[in-house]
Chemist: 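Pasting in a structure now, in structure tokens, and then I'll have a few things to ask.
Just so it is clear: chains get the letters A, B, ... in the order the sequence lines come, proteins before strands, and each one is counted from 1. In this text, all values refer to a predicted model and were calculated from it rather than measured experimentally. Atom set for the values below is all heavy atoms of this structure, side chains included, hydrogens, waters and symmetry mates excluded.
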Amino acid sequence: MIKVECDGAVHEFPAKISAGKVIKEVHGKKSGAIAASVNGEEKDLSYLLSQNCKIDIIKDNSEEGLYIMRHSCAHLLAQAVTQLFPDAKPTIGPPIENGFYYDFYMEPINEGDLNKIEKLMRKIVKQNLPIEREEHDNETLRKMFSNNSFKMEIMDDKIGQEVGSSVYRQGDFVDLCRGPHVESTAKLKWFKLTNTSQAFWRADSSRETLVRIYGMCYSSKEDLQARETLLREAAKRDHRKLGKDLQLFHIDEMVGQGLILWTPRGTVVRNELQRFISEHLNRQGYKQVYTPHIGKLDLYRTSGHFPYYQDSQYPPIVKRETLQRLSDEGCSCGDLSNLMSKGEIDGYMLKPMNCPHHLRIYVSQPRSYRNLPLRLAEFGTVYRWEQSGEISGMTRVRGFTQDDAHLFVTEDQIEPELLGCIELVKVIFGTLRMKNYRVRIGLRGSDSEKYVGNPKQWDKAEAACRNAAASLGVEFSEEPGEAAFYGPKIDFIVKDVLGREWQLGTVQVDYNLPERFNLTYTGSDGEKHRPVMIHRAPFGSMERFCGVLIEHFNGMFPTWLSPTQVHILTISEKQIDYANQIAQSLSEVGIRIEMDTGDDTIGKKLRTHRSMRPAYLVILGDDEQKKETISFMGPDREQVNGIPVNDFISKVISEIKSKK
RNA sequence: GCCACCGUAGCUUAGCCCGGUUGAGCGGCUGACUUGUAAUCAGCAGGCCGAGGGUUCAAAUCCCUCCGGUGGCUCCA
């Protein structure tokens with residue numbers, strides 16, 4: 001007999017009883033157990049207990065339980081795939097948030113195949129195949145998987161780490177796996193294959209390309225349906241769809257991939273955001289500057305951006321004379337391309353960053369410690385050659401405007417200036433009601449050669465980042481290896497409704513560029529000193545930020561940001577004069593309006609104008625005209641009748657001022 | 001850049017498998033109606049079916065290349 005503690009009570013059982021049986025005895029058949037935690041270790045329900053222990057149930061709807069179920073679902077997928085495509089070699093198939101994936105070495109498949117696979121998976125579920133664990137020594141395992149080089153590679157890596165390894169068998173499918181798994185294929189019901197894609201073995205693009213199949217999996221029909229509903233809702237608030245419907249921006253194939261055309265309504269939103277941040281810049285002592293969109297290659301050679309990052313830059317603009325001279329010298333296209341990639345050619349480049357221009361503003365005058373910190377700010381547009389497959393809507397683009405600034409500071413000023421930067425980000429996120437974000441401090445990794453600057457400076461700067469974040473009371477994570485090569489950074493990462501993360505604001509310390517551009521200031525000691533530079537962009541880019549913002553507000557912007565704040569609708573043509581009069585009163589005080597005095601019914605007008613999601617809809621009929629009032633629907637779309645125009649105006653104005 | 005899928009009017013889409021001069025709804029314009037809360041009625045205009053090439057007597061439809069988009073992978077100073 002052994003003593004088993006389960007659910008706070010100690011029970012006695014004969015030895016070699018399975019974990020599942022114990023749970024069944026203690027909790028009954030409907031325990032919802034999918035696996036067991038034995039002395040804190042996750043085990044199959046079939047795991048045999050040989051000595052005294054403590055058991056906890058792992059329920060099918062718990063986080064651990066879902067992961068186990070999803071992992072089993074990945075095996076189910078692999079079983080179906082290998083049955084349909086005998087040449088397919090399973091590689092790895094982990095559980096992930098909401099589901100699982102499995103990577104196979106096989107010929108590419110299409111959507112039709114996906115349906116076939118899913119059908120077969122459901123058939124296997126009906127067969128109720130037991131999923132059984134087997135333990136083997138390394139030699140046996142190697143024999144079992146000798147025809148799968150990927151599994152062999154996994155085993156090679158694990159040699160010495162694990163004594164003996166396990167496989168899981170269901171029907172005639174066997175997979176190398178540490179488990180645990182659900183008891184039988186019948187436990188897997190609420191899943192759905194979602195998409196396929198290509199992946200690389202070990203995420204290395206020089207290795208084998210694999211076919212990845214994604215699926216989602218839940219413990220109940222309701223959860224699966226809820227996820228499907230969420231995905232549908234998210235599709236509705238997708239900024240690419242809303243951007244089109246609400247006429248905020250346009251991407252035109254004739255202009256180019258990843259290049260945003262801000263249409264009038266979108267431009268209003270962007271201008272309001274820029275005005276908002278400009279106010280704070282002035283308050284914090286920034287100086288605004290303008291710099292051109294291009295610069296000589298020499299500028300970027302000095303900064304180090306060229307030729308090092310040329311793969312992600314638009315190619316240089318080469319001067320006509322240079323081309324002519326090279327041609328006269330007998331230079332071929334191949335030679336030219338070679339010269340370009342080595343950077344041995346003169347020309348201009350679209351700027352990939354604003355900092356080089358700002359650095360040249362710094363050196364345009366002698367600087368003393370009395371001038372520092374010098375804070376140069378610019379809504380600067382930069383161009384980067386993102387990979388074509390990466391470009392998407394407003395969030396991944398090839399031309400974007402950073403709300404950029406560079407702070408030139410002394411070593412001692414790093415921390416207070418970082419604080420100011422984070423403060424700004426906090427104000428912005430607070431004003432825009434973005435609560436779902438995290439702060440990441442990127443620190444040096446272990447490969448010290450990658451980083452410039454001396455270790456003492458780094459220590460100091462890293463401490464400054466930590467202190468700045470901490471003193472603002474924001475929660476943050478420290479992630480070694482996430483620093484830029486030139487200094488530590490603080491990133492602000494926003495999570496959207498689908499759980500996708502977007503890096504928006506960023507604050508970075510830089511020791512590299514002041515060195516490269518030989519920046520100096522005269523200290524109180526009369527000696528030359530090297531300033532430190534801080535890059536910061538609280539929005540990140542206007543494009544990405546607006547894209548995220550559109551989805552965040554579901555297109556229903558707060559009044560101050562609303563492209564058109566008040567839409568005025570008349571009941572009939574009798575109110576046209578009155579409507580004009582109201583429109584003028586609103587426009588005079590700077591409220592953005594749109595009027596509809598057309599001959600549609602009021603029902604139709606409301607339908608049309610609601611779809612544009614203005615903050616306010618004003619309705620004018622005979623009643624309102626007679627009493628010199630208006631009726632309106634606010635953001636909540638509750639109607640309020642008979643309000644004097646001036647009362648309405650003060651309400652809207654105060655809302656705009658307070659940015660509510 | 002890579003893999004899979006997609007591209008028909010401003011928008012949403014039928015037709016594509018199985019080749020035989022694109023059909024609709026919304027929107028636009030014109031007219032009638034003058035309206036009190038999520039689509040008033042009628043008429044008209046709008047498409048070399050993403051571009052180029054090929055197969056064919058004949059291509060939106062089949063094949064190839066390119067461009068653009070979507071989902072992932074890889075990348076993101």
Side-chain angles (χ1 to χ4, degrees), chain A residues 96 101 103 106-114 194-214 231 235 238 240-241 244-245 247 250-258 300 303-306 308-313 351-356 382 384-393 395-398 400 450 452 483-487 489 491 503 506 508 510 512-513 535 540-541 544 569-576 597-611 617 619-625 631-633 637-639 641:
Chain A
I96 52 174
Y101 69 80
D103 286 347
M106 67 190 294
E107 293 297 311
I109 59 166
N110 59 36
E111 260 167 42
D113 297 325
L114 214 57
T194 50
N195 58 311
T196 73
S197 89
Q198 176 232 38
F200 300 107
W201 172 238
R202 309 225 134 162
D204 181 346
S205 54
S206 67
R207 300 287 311 259
E208 292 86 342
T209 57
L210 308 172
V211 172
R212 176 171 296 182
I213 300 173
Y214 282 94
L231 290 173
D238 188 315
R240 290 166 301 193
K241 179 175 165 42
K244 193 178 270 178
D245 292 349
Q247 298 163 24
H250 172 66
I251 300 169
D252 191 283
E253 63 175 276
M254 196 178 258
V255 174
Q257 251 191 317
Y300 302 106
S303 68
H305 294 121
F306 186 85
Y308 189 70
Y309 287 111
Q310 66 176 321
D311 284 351
S312 48
Q313 288 164 0
K351 67 176 171 188
M353 291 198 109
N354 299 304
C355 22
V382 299
R384 296 182 189 178
W385 188 263
E386 299 287 349
Q387 294 187 26
S388 63
E390 263 312 324
I391 291 169
S392 172
T395 48
R396 259 329 259 286
V397 292
R398 282 186 175 160
F400 56 96
K450 206 183 124 188
V452 303
F485 73 86
Y486 48 74
K489 60 177 184 171
D491 289 328
Q503 198 209 298
T506 182
Q508 311 182 353
D510 187 348
N512 180 44
L513 285 174
H535 307 246
S541 94
R544 175 176 289 182
L569 318 179
T570 54
I571 301 281
S572 80
E573 65 185 17
K574 283 183 279 179
Q575 296 91 34
I576 292 183
T597 54
D599 48 12
D600 285 327
T601 60
I602 188 65
K604 180 61 182 293
K605 285 182 187 174
L606 279 166
R607 187 188 165 84
T608 309
H609 290 269
R610 286 179 92 132
S611 73
L617 291 156
I619 297 150
L620 302 175
D622 273 342
D623 284 356
E624 287 80 4
Q625 184 163 10
S631 296
F632 73 86
M633 290 183 200
R637 296 299 182 246
E638 293 285 322
Q639 184 157 344
N641 292 324

Chemist: Within the structure shown, what part of the strands sits under 4.0 Å from A/Lys605 by heavy-atom distance: base, sugar-phosphate, or nothing?
Modeler: nothing

Chemist: Using the side-chain hydrogen bond (donor to acceptor under 3.5 Å, both in side chains) rule, take A/Gln508 and A/Tyr486 through it: C-alpha gap first, then chi angles, then the decisive distance, then the call.
Modeler: CA-CA 9 Å; A/Gln508 311 182 353; A/Tyr486 48 74; 2.4 Å; yes

Chemist: For nucleotides 1-12 of chain B, just jot down a letter per nucleotide in 5' to 3' order: B, S or -, based on protein non-hydrogen atoms under 4.0 Å.
Modeler: BBBSS-------

Chemist: If you assign A/Leu606 and A/Lys489 each to the RNA chain B nucleotide with the nearest heavy atom, which residue ends up on the more 5' nucleotide?
Modeler: A/Leu606

Chemist: Which pair of heavy atoms, one from A/Gln313 and one from A/Pro352, lies closest together, and at what distance?
Modeler: NE2-CG, 3.7 Å

Chemist: Taking NE2 from A/His609 and C1' from B/A39, how many angstroms apart are they, rounded to a whole number?
Modeler: 13 Å

Chemist: Under 4.0 angstrom, heavy atoms only, what part of the nucleic acid is A/Ile571 near: base, sugar-phosphate, or nothing?
Modeler: base

Chemist: Distance between the P atoms of B/U61 and B/A9, in whole angstroms?
Modeler: 15 Å

Chemist: Nearest to the A/Met633 side chain among B/U37, B/G72, B/A77, which nucleotide is it?
Modeler: B/U37

Chemist: Testing the basics here: between A/Tyr300 and A/Lys351, what is the closest heavy-atom pair and its distance to 0.1 Å?
Modeler: OH-CB, 3.0 Å

Chemist: Could you check whether the side chain of A/Glu573 and the base of B/U35 have a donor-acceptor pair of N or O atoms closer than 3.5 Å, going by distance alone?
Modeler: no

Chemist: For B/C73, give the paired nucleotide (Watson-Crick: N1-N3 plus N6-O4 or O6-N4; G-U: N1-O2 and O6-N3; both under 3.5 Å), or none.
Modeler: B/G1

Chemist: Using purine N1 to pyrimidine N3 plus N6-O4 or O6-N4 for Watson-Crick, or N1-O2 and O6-N3 for G-U wobble, both under 3.5 Å, which nucleotide pairs with B/C26?
Modeler: B/G10

Chemist: Rounding to a whole Å, what distance do you find between A/Asp311:CG and B/C76:C1'?
Modeler: 12 Å

Chemist: Testing A/Gln625, A/Gln575, A/Lys605 for side-chain hydrogen bond (donor to acceptor under 3.5 Å, both in side chains) with A/Thr570, which one passes?
Modeler: A/Lys605

Chemist: When you get a sec, tell me which of B/G71, B/A77, B/U35 is the closest nucleotide to the side chain of A/Pro352?
Modeler: B/A77

Chemist: Would you check if A/Ser312 and A/Gln387 make a side-chain contact, meaning some heavy-atom pair closer than 4.5 Å?
Modeler: no

Chemist: Would you list the protein and nucleotides 25-31 of chain B atom pairs, both N or O, that sit under 3.5 Å from each other?
Modeler:
residue, atom, partner, partner atom, Å
B/G27, OP1, A/Lys604, NZ, 2.7

Chemist: With a 4.0 Å cut-off on N to O distance, would you call A/Arg212 and A/Asp103 a salt bridge?
Modeler: yes

Chemist: Just call it for A/Gly621: base, sugar-phosphate, or nothing, with non-hydrogen atoms closer than 4.0 Å on any strand.
Modeler: base

Chemist: Before giving the answer on side chain to side chain contact (heavy atoms under 4.5 Å, CB included), spell out for A/Ser611 and A/Asp245 the whole-Å C-alpha distance, their side-chain angles and the decisive distance to 0.1 Å.
Modeler: CA-CA 8 Å; A/Ser611 73; A/Asp245 292 349; over 6 Å; no

Chemist: Atom pairs under 3.5 Å, N or O on each side, protein against nucleotides 42-46 of chain B: can you list them with distances?
Modeler:
none

Chemist: Mind checking A/Gln310 for me? I need base, sugar-phosphate or nothing, with any heavy atom below 4.0 Å counting as a touch.
Modeler: nothing

Chemist: Could you say whether A/Asp622 or A/Arg240 is positioned toward the 5' end of RNA chain B, judged by the nucleotide with the nearest heavy atom to each?
Modeler: A/Asp622

Chemist: Using the C1' atom on both, measure B/A14 against B/C26 and round to a whole Å.
Modeler: 15 Å

Chemist: Write down the distance separating the C1' atoms in B/G20 and B/G53, rounded off to the nearest Å.
Modeler: 22 Å

Chemist: Are the charged groups of A/Asp204 and A/Arg202 less than 4.0 angstrom apart, N to O?
Modeler: no

Chemist: Could you check how far CZ of A/Arg610 sits from P of B/A39, rounded to whole Å?
Modeler: 11 Å

Chemist: In whole angstrom, what separates A/Ile391's CD1 from B/G69's P?
Modeler: 7 Å

Chemist: Closest to the A/Asp623 side chain: B/U40, B/G36, B/A77?
Modeler: B/G36

Chemist: Taking atom P of B/U37 as reference, at what distance in whole Å does atom CZ of A/Arg637 sit?
Modeler: 18 Å

Chemist: Quick one: does any side-chain atom of A/Thr506 pair with a main-chain N or O of A/Gln503 as donor and acceptor, under 3.5 Å?
Modeler: no

Chemist: Write down the partner of B/C57 under the Watson-Crick or G-U wobble criteria, each distance required to be under 3.5 Å.
Modeler: B/G20

Chemist: Counting any heavy atom closer than 4.0 Å, what does A/Arg384 reach on the DNA or RNA strands: base, sugar-phosphate only, or nothing?
Modeler: base

Chemist: Using only side-chain N and O atoms of A/Tyr214, determine if any of them is under 4.0 Å from OP1 or OP2 of B/C73.
Modeler: yes

